[in-house]
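Structure, as C-alpha cells:
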Amino acid sequence: MNWPDSIQEIIEEFQEIEDQFERLEVLMDFAEEVDELPVEEWNDSNLVRGCQSVAHLEVSIRDELVWLRAAADAKMVQGLQGILSIAVNGASPEIVLQLTPDFAEEAGILVSLTPSRSNGFRTMFDMVQNRVKEAIL
Amino acid sequence: MNWPDSIQEIIEEFQEIEDQFERLEVLMDFAEEVDELPVEEWNDSNLVRGCQSVAHLEVSIRDELVWLRAAADAKMVQGLQGILSIAVNGASPEIVLQLTPDFAEEAGILVSLTPSRSNGFRTMFDMVQNRVKEAIL
Amino acid sequence: MGDSMKQDFPIFSRQVNGRPLVYLDNAATTQKPACVIDAMTQYYSLSNANVHRAVHTLAGEATEGYEACRKLLKQRYNSDYVVITSGTTEAINLAAHAWGEHNLQPGDVVVLTEMEHHSDIVPWQMLAERIAIELRFVPVEDGELDLDALEVALDGAKLVCVVHTSNVLGVRNPVEQIISMSKSAGARVLIDAAQAVPHELIDFKETGADFMAFSAHKMCGPTGIGALLISDSAFSEMHPFMGGGDMIQTVTLEGSTYQTNEHKFEAGTPRIAEGVGWAAALEWMSQIDLESHHKRLLKIAKNVAGQLEEKGMKVYSTLNPGDAAVVSFTHPTIHPEDFARLLDAQGIAVRTGHHCAQPLMEKLGVNGTIRASFYIYNDDSDAEIFLTGIDRVLEAMA
Amino acid sequence: MGDSMKQDFPIFSRQVNGRPLVYLDNAATTQKPACVIDAMTQYYSLSNANVHRAVHTLAGEATEGYEACRKLLKQRYNSDYVVITSGTTEAINLAAHAWGEHNLQPGDVVVLTEMEHHSDIVPWQMLAERIAIELRFVPVEDGELDLDALEVALDGAKLVCVVHTSNVLGVRNPVEQIISMSKSAGARVLIDAAQAVPHELIDFKETGADFMAFSAHKMCGPTGIGALLISDSAFSEMHPFMGGGDMIQTVTLEGSTYQTNEHKFEAGTPRIAEGVGWAAALEWMSQIDLESHHKRLLKIAKNVAGQLEEKGMKVYSTLNPGDAAVVSFTHPTIHPEDFARLLDAQGIAVRTGHHCAQPLMEKLGVNGTIRASFYIYNDDSDAEIFLTGIDRVLEAMA
Ligand SMILES: Cc1ncc(COP(=O)(O)O)c(C=O)c1O
Ligand SMILES: Cc1ncc(COP(=O)(O)O)c(C=O)c1O
C-alpha cells in the first residue's frame with residue numbers, strides 16, 4: 001500500500017528498531033506531536049471508549065482539512081495519538097477516509113501491544129474516520 | 001490376607017483368565033449361585049441404592065449364620081451377588097464382618113468394571129455388613 | 001476415508017482390553033485430534049496468562065487466543081453475539097436466567113418437546129418454580145415430533161425450546177418449519193444444537209432462531225466449554241446472569257454497571273485454554289466436508305440398524321435423510337449393561353441407559369437403550385467389528 | 001530453590017521480547033508444571049470419554065480421573081462436600097443462588113467488605129436486586145478490615161462473605177476471628193479463598209466456615225475449573241442452581257427429582273480434562289512445603305517493596321506475616337500502563353489496573369496500581385531483574 005510520506009517515514013523508523021523497549025520510547029516521543037486538548041474540553045463526546053487509560057480525541061475540519069486535538073494520561077496512548085495526528089493533520093477528508101489502520105501493525109508499533117491497546121489504537125482510528133464522515137456529510 | 005477357601009478358589013479362577021470377555025462370562029456364571037429373592041419380596045428396604053440396574057439384596061441370620069437372597073436384572077450384577085453369596089452364606093456374623101471388599105479387586109473381577117459398577121459391588125458389600133451389624137446388635 | 005482420519009486422533013493408537021479401540025460413543029463426547037490437544041499444550045507451555053485488561057505479552061497472547069474462539073464461532077455460525085459458557089447445559093441455564101426470568105410473566109407459556117435432553121427440560125422446570133410459567137410438551141409419535149400438536153401448543157407461547165437433533169434417536173427435527181411456526185405465533189425460539197453442530201453447518205441468522213446452544217466436546221473440542229448464540233433482538237432483552245470479574249464496567253458499594261457486549265454474561269476468569277483448544281477444533285473442522293461424512297455415516301448406521309434387526313434387536317432410530325448416525329436399540333432379553341460390558345471386553349465403546357432423556361424413554365416404553373453413535377473418524381471396519389462383537393455377545397448369552 | 005523448580009514449568013524456557021520470562025502476575029493466574037499439562041494431554045490422548053452412568057472402559061477411566069479431583073480436594077481441605085465449578089466466581093454465584101436465594105428473606109443482612117474482589121460483590125448485589133436483602137460493607141482502614149465495624153455490622157446478619165487474602169494488597173485477613181465473631185452472631189460465613197489456597201493449607205472444617213470458594217488456575221491447575229466447599233449443615237439447606245444432565249435422579253414431564261450428593265449442583269457434562277489436570281496439580285502441590293515457600297516469598301516481596309519505596313514509589317501492600325507476596329504500587333507521575341509495558345519490553349510480566357476491586361481502589365484513592373505478585377517458582381534473581389527493570393523505566397521516563 002501507498003502510505004503518505006510522513007507515515008512511510010514512521011514505519012521505516014520503527015522497523016529499524018530491534019529492541020522493544022526502544023520502540024516504546026520512540027512511541028512515547030510521538031506524544032509531543034499531539035496538539036493537546038485541554039482538560040476543560042474533555043467530555044463524553046470526545047472520550048475514547050474501550051481504552052483502559054483515560055483518553056480524549058477531538059476531530060475538526062478547518063479550511064477543508066482535518067485537524068486533531070487529543071490527550072491521554074498514559075504516554076504511549078498519547079504517542080499513538082501523535083502518530084495518528086501526523087497521519088491525518090492537514091490532510092483532506094477524502095485522503096483520511098482512504099487510510100487503513102494496518103500501518104501501525106506494519107510499523108511494528110503494535111507488535112506486543114496487546115489487544116486491549118491495539119484495539120485502543122483501532123478505536124481511535126475508527127473514531128477519527130467516523131467524525132470525518134459525519135463532518136463532510 | 002487370608003480369604004476363606006471358597007473365595008481363594010474364586011480369586012484363583014479369575015486370575016487364570018486372560019481374556020476380559022471370558023472373565024465376564026465366568027462372572028455371569030456365578031449368577032446361578034444366588035438364592036433368588038422373588039419379585040414379590042422386592043421392596044425399598046432391600047433395594048440396592050446406587051446401582052444403575054435394578055438390584056435387590058436381603059440378608060438374614062438363621063441358626064446364627066448369615067444367608068443372602070438376591071436378584072438383579074443385569075446378569076453381571078447377579079454374578080457379583082453370587083460371589084458375595086459364596087463369601088458369606090453359612091458364615092458366622094463375626095467372620096462376615098471381618099471381610100474386606102478388596103478380594104473382588106484382587107480377583108480382577110472388577111478390572112475394567114467401571115466405578116459405577118465396582119461401586120455397585122461395594123454398595124452391596126457394605127449393605128451386607130451393615131445388615132449383619134444391625135442383626136447382631 | 002475414516003481410516004486415514006484416525007491417524008489424526010492419538011486415542012486410536014490405544015488398545016482396550018487387548019483390542020484396538022472401536023469408539024461408538026460419539027453422541028456422549030467425541031475424540032480430539034492431535035492439533036486440538038497440541039494447541040492446549042502449547043498454550044499452557046508458552047502463553048498461559050489471565051486475559052483482558054492486561055498489558056503484558058503473555059496476557060495479550062492469551063486474550064487473542066481466547067477471543068479467536070469467539071471470532072471463529074461468529075464466522076462459522078453467522079451470529080453477532082456469541083457468549084462462551086461451560087457447555088450446552090450452562091448455555092440453556094443462561095438463557096433461562098438472563099432472558100427467561102426477565103421477559104416471562106407468571107402464566108406465560110414455554111413450549112418444550114418430549115424429545116428434549118434433560119438439559120433442555122430441567123432449567124425450564126426450575127424457572128417454572130421460580131416464576132410460575134406454564135410448560136407445554138409437544139409429544140413424540142413414532143419417533144417424530146407431532147407438529148399438529150405443536151401448532152396447538154403455540155397458542156400464546158412466548159418461547160419454544162426444541163432439540164435440533166435427538167441424542168437418543170438421531171432424529172433431526174424440522175427446525176426450519178418449527179422456527180417459522182413459532183415465529184408466526186410470536187414466540188422466541190431456542191435450539192438445542194448439541195448434537196447438530198457436529199453433523200451440519202448451521203447459519204444461525206438464517207434460521208431465525210433467538211438462541212442456539214452447543215458444546216465443544218461433542219465436536220472434537222475440549223471439555224468445559226460451549227456457547228450460546230443469541231439474536232440481536234433477544235440480546236437486547238437480556239440481563240446479567242452471574243456476577244463477578246470481567247462482566248462489569250464499574251463496581252461501587254451502591255451498585256454496579258455492566259459491559260454491553262458478550263462479556264456481560266461471562267463472569268470470572270474465562271475458559272482460556274479451552275477457548276484456544278476449541279478454536280483449533282473449529283479450524284480443523286473447517287477443512288472437513290461434514291456433509292459427505294454425514295451421508296457416509298448415515299449409510300453405515302442404516303446398514304448396522306438393518307443387521308441388528310435381523311439379529312433380533314429392536315431398533316428405535318429411524319435414520320431418515322438428515323438424521324445423525326445414531327443407532328439406539330435393545331435386545332429382548334439381554335440387559336443393556338451386560339450387553340455393553342461384553343462389547344467393551346472386545347474394545348467396543350457404546351453407551352447404555354436413559355441418555356439423559358427419561359421422558360423420551362418413557363414414550364419408547366423402555367428403561368434404557370444401547371446406543372452406538374458414529375462420527376467422522378468411524379469407518380466401515382468399525383461397523384464390521386461392532387457387528388461381529390454383537391454376534392459374539394449373542395452366542396455367549398444364548 | 002526457585003530456580004530448580006522453574007525446570008518443572010515449560011513456560012520458563014520461553015523468551016519475551018528477547019529476554020527470559022520473569023513472571024510476576026501470579027495473583028492473576030499461576031503457571032502450570034509439566035505434570036499438569038501432561039496429565040491433560042494423556043487424558044485426551046488415552047482416556048477421553050464422557051463420565052458417570054457409563055459402562056465402557058474409557059468412560060470408567062474418565063470418571064475415575066474426574067472424581068479423583070474431588071477426592072483429593074476433600075482430603076486436602078478436609079471437607080465432606082466439594083462441588084466442582086468453573087472457578088471462584090461461579091462458586092460464589094452458586095452459593096448466592098443455591099443457598100442465598102432459598103435461605104434469605106427480604107431485609108436479611110449480608111455482610112461484605114470493601115476489600116472484596118468483584119466476584120464476591122456483584123453476585124450479592126444481584127441477589128439484593130432479586131430478593132431485597134440488605135448489604136453492609138465492612139470498611140478497610142490502613143489496608144486492614146475494621147473489626148469493630150464488623151462487630152456492629154454483624155447485628156442481625158445472616159451471612160458474612162469475606163476475602164481470605166486480598167488479591168490487591170496480599171493482606172491475609174484474620175479469618176479465624178471473623179468466622180468466630182460471625183458464628184457468635186448466628187451468621188453463616190463464606191470465604192473467598194482464591195488467593196489463599198495457593199499460599200496456605202486450610203482445614204475447612206476447622207475454620208468453621210460454611211462455604212469456601214477457589215479456582216484451580218491460581219494454584220498451578222488448569223483454567224475453567226474451581227470448587228465450592230460446603231459445610232454439612234449449609235449443604236442440607238441448598239437447592240439446585242443449574243438444571244440438566246447428571247444432577248437429576250428422575251425427570252418426568254411433571255417435574256424432576258435431584259441427586260442428593262454434590263452432583264446435584266453439577267449440571268451437564270463436567271470439566272473432565274480440567275478435573276484430571278487439577279488432580280495432577282494437587283498431587284504435585286502435596287509434595288511442596290508451601291509454608292517455607294511462603295516465608296521465602298514474603299521476604300523477597302518485603303525487600304522489593306522497600307526498594308520500590310526508596311526509588312520513589314508508593315507501596316500499598318503492608319506485607320505482614322501471613323500476607324501473600326503481593327506488591328501493589330504506583331509511581332507519582334508514570335502511568336501504570338506505561339510502566340507495565342516498559343517492564344514487559346524487558347520480559348517482565350506484571351499486572352496493572354483495578355484488579356477487579358474498584359471499591360478498594362476508591363478507598364486507596366487511586367484508579368489502579370501496578371501489581372507484582374510472586375509465587376513458588378519465583379526466586380531472588382526474578383526480584384533482581386524486576387528491580388533492574390524498574391531502574392531502566394525510571395531512567396527512560398526521567
Ligand atoms: C480474591 C479473588 N476472588 C475471586 C477471584 C475470581 O476468580 P476467578 O476469576 O477464577 O473466578 C479472584 C481472581 O481473579 C480473586 O483474586
Ligand atoms: C441434545 C443434547 N442436549 C444437551 C446436552 C448437554 O450437553 P452438555 O452435557 O455438554 O452440557 C447433550 C449432551 O449430553 C445433548 O445430547
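Convention: sequence-line order gives letters A, B, ...; per-chain numbering from 1.
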| task | Determine, stepwise, if the pair T41(D) / T41(C) fulfils side-chain hydrogen bond (donor to acceptor under 3.5 Å, both in side chains). | result | CA-CA 7 Å; T41(D) 302; T41(C) 302; 3.1 Å; yes

Greatest number of heavy atom pairs closer than 4.5 Å to chain D - which of [options]:
options                            : result
E114(C), R130(C), M40(C), E90(C)   : E90(C)
W124(C), Y23(C), F9(C)             : Y23(C)
V16(C), T269(C), I348(C), T30(C)   : T269(C)
S256(C), S215(C), C356(C), A340(C) : S256(C)
I225(C), T88(C), T250(C)           : T250(C)
A128(C), A345(C), A357(C), P123(C) : P123(C)

| Passing option when V251(D) is tested against H354(C), H117(C), Q358(C) for side-chain contact (heavy atoms from CB on, under 4.5 Å) |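 By the side-chain contact (heavy atoms from CB on, under 4.5 Å) criterion, V251(D) pairs with just one of H354(C), H117(C), Q358(C): Q358(C).
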
Side chains of [X] and [Y], heavy atoms from C-beta outward: is any pair under 4.5 Å?
X      : Y       : answer
Y44(C) : P222(D) : yes
L58(C) : Q31(D)  : yes
I37(C) : S45(D)  : yes

Max heavy-atom pair count under 4.5 Å with chain C, selected residue of [options]:
options                            : answer
P270(D), S47(D), S13(D)            : S47(D)
R271(D), E101(D), Q125(D)          : Q125(D)
A96(D), G275(D), G224(D), A34(D)   : G224(D)
V36(D), N26(D), I248(D)            : I248(D)
P336(D), G255(D), G226(D), G347(D) : G255(D)
L94(D), L253(D), I272(D)           : L253(D)

Where does [X] contact chain C at under 4.5 Å (heavy atoms): side chain, backbone, both or neither?
X       : value
I92(D)  : neither
V51(D)  : backbone
H217(D) : side chain
F12(D)  : neither

| query | In a check of side-chain hydrogen bond (donor to acceptor under 3.5 Å, both in side chains) between H56(D) and each of D344(C), D25(C), N17(C), which one passes? | reply | D25(C)

| query | Just by modelled atom types, is the I11(D) backbone N or O under 3.5 Å from a matching donor or acceptor in the N48(C) side chain? | reply |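 Judged by distance alone, no pair lies under 3.5 Å.
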
| request: Output yes when a side-chain donor or acceptor of R351(D) lies under 3.5 Å from a complementary backbone atom of N50(C), and no otherwise. | output: yes

| Should the heavy atoms of other residues, nucleotides or ligands under 6.0 Å from CD of E134(C) be counted, would the total exceed 12? |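 Counting other residues, nucleotides and ligands, CD of E134(C) exceeds 12 neighbours.
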
| message | Can you tell me if N367(C) has over 12 outside heavy atoms packed within less than 6.0 Å of its CG? | response | no

| said: For H97(D) and H97(C), take the angle between the two ring planes, folded into 0 to 90°, and tell me which bin it lands in: parallel under 30, tilted 30 to 60, perpendicular over 60. | reply: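 Answer is perpendicular, since the angle exceeds 60°.
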
| task | Show the numbers, then the answer: is there a side-chain contact (heavy atoms from CB on, under 4.5 Å) between M242(D) and T89(C)? | result | CA-CA 8 Å; M242(D) 291 199 250; T89(C) 302; 5.5 Å; no

| Between OG1 of T57(C) and CD of Q15(D), what distance do you get to the nearest 0.5 Å? |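 With rounding to 0.5 Å, OG1 (T57(C)) is 12.0 Å from CD (Q15(D)).
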
| request: Verify side-chain contact (heavy atoms from CB on, under 4.5 Å) between Y258(C) and V122(D), making sure each step is shown before the conclusion. | output: CA-CA 10 Å; Y258(C) 307 116; V122(D) 185; 3.9 Å; yes

| request: Might you work through the side-chain hydrogen bond (donor to acceptor under 3.5 Å, both in side chains) test for T223(C) and E274(D), ending with a clear yes or no? | output: CA-CA 8 Å; T223(C) 59; E274(D) 291 85 346; 2.6 Å; yes

| request: Heavy-atom distances under 4.5 Å only: say whether L21(C) touches chain D with side chain, backbone, both or neither. | output: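 The answer is the side chain of L21(C).
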
